[in-house]
Amino acid sequence: MRLFRRCTRISILSLLAISVFTPVFLLSFRLKNLNTDASKDFVEDLSILKHRIDAQANSAVQQEEVEGLKGPHLVVYRDGDHGSLVSLDENDRRHKAENVNLLQSNGDTYGGQEKNQRNLSEQKVSPSREKEKSRPEGVQHSRSIQSHLWRPLDEKVKEMKDKVIRAKAYLSFAPPDSNSHFVKEIKLRIKELERAMGDVTKDSGLSRRATQKMKAMDGTLLKASRIYPDCSAMVNTLRAMTYNAEEQLRSQRDQTSFLVQLAARTTPKGLHCLSMQLTTEYFALQSEEREFPNQHKLQDPDLYHFAVFSDNVLACSVVVNTTVSTAKDPEKIVFHIVTDSLNLPAMSMWFLMNPPGKATIQIQSIDSFEWLSIKYNEDQQKQKGLDPRYASVLNHLRFYLPDIFPSVNKIVFLDHDVVVRKDLTRLWHINIKGKVNGAVETCVEGEPSFRRMDMFINFTDPSVATRFDANTCTWAYGMNVFDLQEWRKRNLTALYHKYLELGSKRPLLKAGSLPLGWMTFYKHTHALDKTWHLLGLGYDSGVTRAQIEQAAVIHYDGVMKPWLDIGIQKYKSYWNRHVSYEHPYLQQCNLHE
């Protein structure tokens with residue numbers, strides 16, 4: 001009986017042991033198989049990485065002996081290389097049967113295709129290398145020295161960005177809803193490398209962590225090249241990415257252009273505040289306090305008369321102050337400022353508080369010209385639908401100078417976006433040879449200010465083609481000297497109305513006063529020396545300091561005015577130095593440099 005119990009106990013313990021150890025054994029065996037399979041699929045396995053590195057190290061000597069194995073460098077890596085992607089594509093098509101893809105031609109190789117590539121390189125040496133061999137050693141040596149001297153400082157940064165682009169191209173191959181290990185891995189590598197690069201633009205700013213992340217990305221790209229060995233798919237994807245990038249760039253440029261134009265048409269809040277402050281103060285004055293001194297000089301033809309038509313108080317103050325401060329005889333200067341009725345109080349108050357030294361000043365409103373209201377209303381109807389800036393009465397008032405100043409024989413017309421740097425009274429001593437208008441020409445090809453008549457005037461119209469020559473030299477507004485006596489003799493204001501009438505009936509010219517001025521003063525303009533009037537400070541950042549120092553007048557023509565935030569920063573100082581930013585009203589309206 002005891003023997004039976006002992007046998008029963010042993011058998012129970014044996015079954016229990018089997019039930020415990022058998023699952024353990026099976027589980028360990030399964031894990032071993034899983035590890036073996038994983039090592040074949042995942043690149044990040046340390047043992048496999050070590051094996052691959054060893055294999056590449058063993059084949060390094062053989063690769064150095066085969067000259068044709070080294071593909072041309074990517075243009076993005078070296079600025080001195082001139083190999084085109086077209087040659088790479090031709091090489092890919094030539095060796096398509098041997099599965100040589102785009103990544104390998106850029107320098108990425110792996111063990112499975114080394115033999116094929118070695119055979120290919122032995123059959124044919126690249127044409128570029130044959131040319132290099134045929135050159136003298138001295139030439140090759142000098143080129144290598146030159147390429148070393150001109151090696152870019154941001155080579156690694158460009159290489160990292162290129163790897164991110166390639167990784168994104170491979171990521172686009174995966175299905176949209178894919179959640180595989182490869183997709184997770186490549187997304188992680190992209191995120192890590194972009195975070196490691198940050199906003200760095202030079203190699204010196206890269207950290208050691210960024211270099212480590214780039215090596216990890218190399219491993220992932222190597223795995224991706226095995227999964228997607230089709231070169232044509234990569235080319236198509238990169239082409240699509242390039243197209244999308246170009247479309248985004250075009251859209252951003254259009255948006256930037258629109259915003260710049262919008263900013264140019266908008267009055268800054270500070271200038272509006274200043275106008276309101278000055279208007280309030282003006283209406284608090286007594287009528288006798290609103291009078292300017294020396295008004296008896298306004299009709300004296302022997303003085304130097306200047307005209308500015310504007311609704312911008314601060315801009316007018318700069319024009320007046322710079323003209324008076326540079327003049328040899330400021331007491332002989334008479335300034336005529338014409339503005340609209342809305343800004344007349346503010347403009348008057350500013351110059352009552354800040355008189356222009358010994359010069360005489362007159363502030364007028366367009367509403368004071370009763371004869372103009374009828375003429376301008378007709379002109380405005382002819383220009384309906386145009387940009388308000390071009391159809392503005394202040395913009396077209398320049399064609400009525402003889403009517404506005406009937407007793408003046410010669411006058412210098414200035415735009416409100418200029419700064420005077422030299423004495424302009426010398427213009428009265430220039431012989432304009434019986435012409436009506438003295439202006440700086442803008443017909444030199446290659447210069448930013450270059451303009452042709454057919455850019456703004458429709459020469460396909462017979463009435464234009466028979467009257468004008470498209471090759472006639474053009475000129476600029478902004479600083480013009482007008483002989484009003486000759487203007488009256490030739491009745492050019494009537495000629496202006498005639499061309500305006502023609503333009504209202506058919507598409508004859510572009511909007512604005514410039515093409516109308518070219519037509520009205522055709523063969524009535526005398527060319528002044530270019531140093532009198534420098535253009536481009538409102539659109540061309542290439543104007544040099546030497547040109548500015550030589551110019552008598554610098555002109556911020558274009559949309560980037562110096563009082564706007566969008567103005568070209570390096571030219572703002574030439575305008576800001578003539579603004580009294582310490583003035584209490586400017587301080588209250590938060591106007592500062």
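Just so you know, these numbers use all the heavy atoms, side chains as well, and skip hydrogens, waters and symmetry mates.
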*How many angstroms lie between atom OG1 of Thr442 and atom NE2 of His533, to the nearest 0.5 angstrom?*
10.0 Å
*Ignoring hydrogens and angles, state whether a donor on the side chain of Gln295 or Gln362 is under 3.5 Å from an acceptor on the partner side chain.*
no
*asked:* Using only atom types and a distance under 3.5 Å, with no angle test, would you say the side chain of Thr525 pairs donor to acceptor with the backbone of Phe521?
replied: yes
_Residue pairs fulfilling disulfide bond (SG atoms under 2.5 Å apart) with at least one residue in residues 417-476, sequence neighbours excluded_ = Cys443-Cys473
*Any chance you could measure Ser513, atom OG, to Leu397, atom CG, to the nearest 0.5 Å?*
11.0 Å
*Please test Glu582 against Gln587 for side-chain hydrogen bond (donor to acceptor under 3.5 Å, both in side chains), starting from the C-alpha separation and ending with a verdict.*
CA-CA 6 Å; Glu582 67 278 0; Gln587 294 285 330; over 6 Å; no
*Nearest 0.5 Å, what's the CZ-CG distance between Phe456 and Leu514?*
6.0 Å
_How long is the straight-line distance from CD1 of Ile430 back to CG of Asp529, given to the nearest 0.5 Å?_
8.5 Å
*Identify the residue among Thr322, Val553, Val308 that makes a side chain to side chain contact (heavy atoms under 4.5 Å, CB included) with Val418.*
Val553
*How about Phe405 and His336: are their ring centres within less than 6.0 Å of each other?*
yes
*Are the ring centres of His583 and Trp350 closer than 6.0 Å?*
yes
*Smallest separation among heavy atoms of Met347 and Ile337, with atom names*: CG-CG2, 4.1 Å
*Regarding Tyr477 and Asp557, is there a side-chain donor-to-acceptor distance under 3.5 Å anywhere?*
no
*Gln547 and Thr544: side-chain donor and acceptor closer than 3.5 Å?*
yes
*Please examine the side chains of Leu495 and Lys498, heavy atoms only from C-beta on, and report whether any two atoms are closer than 4.5 Å.*
yes
*Is the backbone N or O of Trp532 less than 3.5 Å from a side-chain atom of Lys422, with the two atoms forming a donor-acceptor pair by type?*
no
_Test of ring centre spacing under 6.0 Å for His396 and Phe309_ = no
*Does Leu534 reach the side chain of His555, with side-chain heavy atoms less than 4.5 Å apart?*
no
*Yes or no on salt bridge (charged side-chain N to carboxylate O under 4.0 Å, His left out) for Glu486 and Lys489, after CA distance, side-chain angles and deciding distance?*
CA-CA 5 Å; Glu486 290 293 330; Lys489 288 179 183 178; 3.8 Å; yes
*If we only count heavy atoms from C-beta on, is the His429 to Leu427 side-chain gap below 4.5 Å?*
no
*Of all heavy-atom pairs between Ala315 and Trp563, which one has the smallest distance, and what is that distance?*
CB-CZ3, 3.8 Å
*Is there a donor in the side chain of Tyr585 and an acceptor in the side chain of Glu281, or the other way round, less than 3.5 Å apart?*
yes
*Which of these passes side chain to side chain contact (heavy atoms under 4.5 Å, CB included) with Arg398: Val338, Asn480, Ile404, Asp415?*
Asp415
*Thr425: what forms a side-chain hydrogen bond (donor to acceptor under 3.5 Å, both in side chains) with it, not counting sequence neighbours?*
Asp423
*Validation row: Met479, Leu528 side chains within 4.5 angstrom (heavy atoms)*: yes
*Starting at CG of Asp300, measure out to NE2 of His305 and round the result to the nearest 0.5 Å.*
6.0 Å
*is_close_aromatic(Tyr522, Phe468), centroid dist under 6.0 Å*: yes
*Taking the side chain as every heavy atom from C-beta outward, state whether Tyr304 and Lys410 have any atom pair closer than 4.5 Å.*
no
*Give the intermediate values and the outcome of salt bridge (charged side-chain N to carboxylate O under 4.0 Å, His left out) for residues Asp254 and Arg250.*
CA-CA 6 Å; Asp254 291 344; Arg250 183 188 61 79; 3.2 Å; yes
*Which pair of non-hydrogen atoms, one from Leu394 and one from Ser310, has the smallest distance, and what is that distance?*
CD1-C, 4.0 Å
*Is Leu564 close to Pro268 at the side-chain level, that is, under 4.5 Å between some pair of heavy atoms?*
yes
*Take atom NZ of Lys161 as the centre, draw a 6.0 Å sphere, and report whether it contains more than 12 heavy atoms from other residues, nucleotides or ligands.*
no
*Is a side-chain donor-acceptor pair under 3.5 Å present for Ser365 with Ser341?*
no
*Closest contact, heavy atoms only, Arg490 versus Val436*: CD-CG2, 4.2 Å
*asked:* Tell me the closest heavy-atom pair linking Ile568 and Gly538, and the distance in Å.
replied: CD1-C, 4.3 Å
*Asn343 and Asp340: side chain donor to acceptor below 3.5 Å*: yes
*Lys435 versus Asp483: any side-chain heavy-atom pair under 4.5 Å?*
no
*Okay, side chain of Asp203, backbone of Glu155: is any donor-acceptor separation there less than 3.5 Å?*
yes
*Would you name the heavy atoms of Glu549 and Arg421 that are closest together and state the gap between them?*
OE1-NH2, 3.2 Å
*Does the Tyr556 side chain pair with the main chain of Tyr571, one donor and one acceptor, at a distance under 3.5 Å?*
yes
*Would you please test Trp475 and His526 for ring-ring contact (aromatic ring centres under 6.0 Å, His included) and show each step?*
CA-CA 9 Å; Trp475 48 270; His526 173 74; over 10 Å; no
*Atom CG of Asn437 and atom OG1 of Thr520: how far apart are they, to the nearest 0.5 Å?*
10.5 Å
_When you compare the side chain of Thr323 with that of Val320, does any pair of heavy atoms fall below 4.5 Å?_
no
